[in-house]
Amino acid sequence: MVEKQLENFDLEQICNSGQCFRMEKMEENRYRVIAGERSLDIHQKGKACLFFCSAEEFTEVWETYFDLNRDYQVYIDQINPKDTYLLQASKLGKGIRILKQDLWEMIVSFLISQQNNIVRIRRCIENICREYGEERKIASGESYYAFPKPDALACLGEDDLKACNLGYRSKYVVRAAKGVVSGEIDLRLIEKMKYEEAKEELLKIFGVGVKVADCICLFGLHHLEAFPVDTHINQALEKHYKRGFPKRRYKGFEGVLQQYIFYYELFGEKIE
DNA sequence: TAACAGGGACGTA
DNA sequence: TACGTCCCTGTT
């Protein structure tokens with residue numbers, strides 16, 4: 001078990017920020033996350049966090065996953081003091097972190113996310129994990145399903161994932177799996193690329209458009225300069241940034257601010 | 001009951 | 001660049 005006092009870290013906010021579809025609130029102050037092959041339970045009361053794993057696993061896996069060695073206050077402090085909207089947003093969502101998630105998992109998750117709501121995205125992902133992921137046990141005797149690897153999905157017919165409720169997105173996921181297995185999509189190579197290059201490469205994947213590519217860059221490659229624009233963000237930008245969002249001012253961490261805005265649009269008190 | 005929208009992207013014109 | 005279409009489900 002690892003105990004930590006953490007600033008700007010709030011599991012409820014991270015859970016609701018819509019970047020991770022396999023994080024679950026078990027009960028008050030208790031969360032469970034499944035990431036790729038692993039599962040972790042965490043308790044949080046204010047700044048006090050209890051990670052139910054060994055010290056080795058914490059430093060090797062979860063510290064990176066939750067981006068704990070980064071000071072997010074630095075970004076918040078750079079917000080233009082005149083920008084009351086962004087200040088409010090960052091105040092509400094200051095506990096959000098940009099998770100460093102598995103690239104393959106993010107490609108599939110955000111292929112599924114298009115024209116879809118978060119509740120159903122979660123269900124779709126649970127469905128394919130239960131059907132095609134390997135079952136794992138945790139100490140308590142409970143089990144969970146790891147995220148299916150590309151080769152587990154590459155052998156399917158293009159419509160087979162419709163049984164998991166993916167609808168027309170089924171063929172996107174199956175084709176992506178086939179691409180990874182054949183080597184046409186080289187995940188290791190994409191991981192080494194800079195943001196622009198990685199985005200360009202991701203856009204070649206059938207079913208990946210600009211918004212989805214940016215989500216994959218932000219949550220799967222940890223390119224903090226990626227700024228995904230979905231319908232919510234678009235509405236916020238039209239309302240509060242009629243002359244465009246000041247990306248130059250916030251160069252290099254636009255994605256962090258995007259998350260504050262997204263979270264605020266979903267959970268914040270609207271200010272006119 | 002029926003219509004609609006929900007973290008878009010593709011194909012066609 | 002614009003527009004119809006894709007699949008499913010919770011909501012109104």
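Sequence lines set the chain letters: A, B, ... in the order given, protein chains first and strands last, and positions in each chain run from 1.
A salt bridge links A:E142 with A:R32: the closest approach of a Lys/Arg side-chain nitrogen to an acidic carboxylate oxygen falls below 4.0 angstrom. The residues A:K25 and A:E12 are annotated as salt-bridged, a charged nitrogen and a carboxylate oxygen being separated by less than 4.0 angstrom.
For the pair A:R169 CZ and C:dC8 C1', the computed distance is 7 Å after rounding to whole Å. Protein atom CG of A:L166 is 12 Å distant from nucleotide atom P of C:dC7, rounded to whole Å. Separating the CZ atom of A:R120 from the P atom of B:dA5 is a distance of 16 Å, rounded to the nearest angstrom. Between the P atom of B:dA5 and the CD1 atom of A:I121 lies a distance of 18 Å, rounded to the nearest Å. Atom NZ in A:K204 sits roughly 18 Å away from atom C1' in B:dC10 (whole-Å rounding). If you take CD of A:Q114 and C1' of B:dG11, they are 14 Å apart, rounded to a whole angstrom. Atom CD of A:E126 is separated from atom P of C:dT9 by 16 Å (rounded to the nearest Å). Rounded to an integer number of Å, the gap from NE2 of A:H232 to P of B:dA5 is 13 Å.
Within 6.0 Å of the CD atom in A:E184, the count of heavy atoms belonging to other residues, nucleotides or ligands does not exceed 12. Surrounding NZ of A:K4 are at most 12 heavy atoms belonging to other residues, nucleotides or ligands under 6.0 Å away. Atom CE of A:M1 sits in a sparse spot, with 12 or fewer heavy atoms from other residues, nucleotides or ligands closer than 6.0 Å.
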Using the 3.5 Å cut-off, write out each protein N or O paired with an N or O of nucleotides 10-12 of chain C and the distance between them.
| residue | atom | partner | partner atom | Å |
| --- | --- | --- | --- | --- |
| C:dG10 | OP1 | A:R123 | NH2 | 3.3 |

Check nucleotides 2-4 of chain B against the protein and report each pair of N or O atoms closer than 3.5 Å, with its distance, or say if there are none.
none

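Comparing the same atom, P, in C:dC7 and in B:dT1 gives a spacing of 24 Å after rounding to whole Å.
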Margin query: Pair A:N116, A:R169 - check side chain to side chain contact (heavy atoms under 4.5 Å, CB included), show working.
Written below: CA-CA 10 Å; A:N116 210 341; A:R169 307 164 195 85; 3.7 Å; yes
Checklist line | Check against side chain to side chain contact (heavy atoms under 4.5 Å, CB included), A:F66 and A:F51 | finding: CA-CA 12 Å; A:F66 287 109; A:F51 296 81; 4.2 Å; yes
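When each of A:R122, A:R130, A:R123 is tested with A:E126 by the rule side-chain contact (heavy atoms from CB on, under 4.5 Å), just one qualifies, namely A:R130.
A:V119 is not connected to A:L266 by any chain of hydrophobic side-chain contacts under 4.5 Å among Ile, Leu, Val, Met, Phe, Trp and Tyr, and they are in different clusters.
Stretches of at least 3 consecutive Watson-Crick or G-U wobble pairs, with each checked distance under 3.5 Å, appear in DNA chain C as B:2-6 with C:8-12, B:8-13 with C:1-6.
Base engagement by A:I118 is indicated by at least one non-hydrogen atom pair under 4.0 Å involving a base atom.
Applying the 3.5 Å distance criterion, the base of B:dG8 shares a donor-acceptor pair with the side chain of A:Y168.
Close to B:dG8, at under 4.0 Å from its OP1 or OP2, lies no side-chain N or O of A:S113. Side-chain N/O atoms of A:K162 include one lying less than 4.0 angstrom from OP1 or OP2 on C:dC7.
Position along DNA chain B of the nearest nucleotide to A:F21 versus A:G207 favours A:F21 as the more 5'-ward residue.
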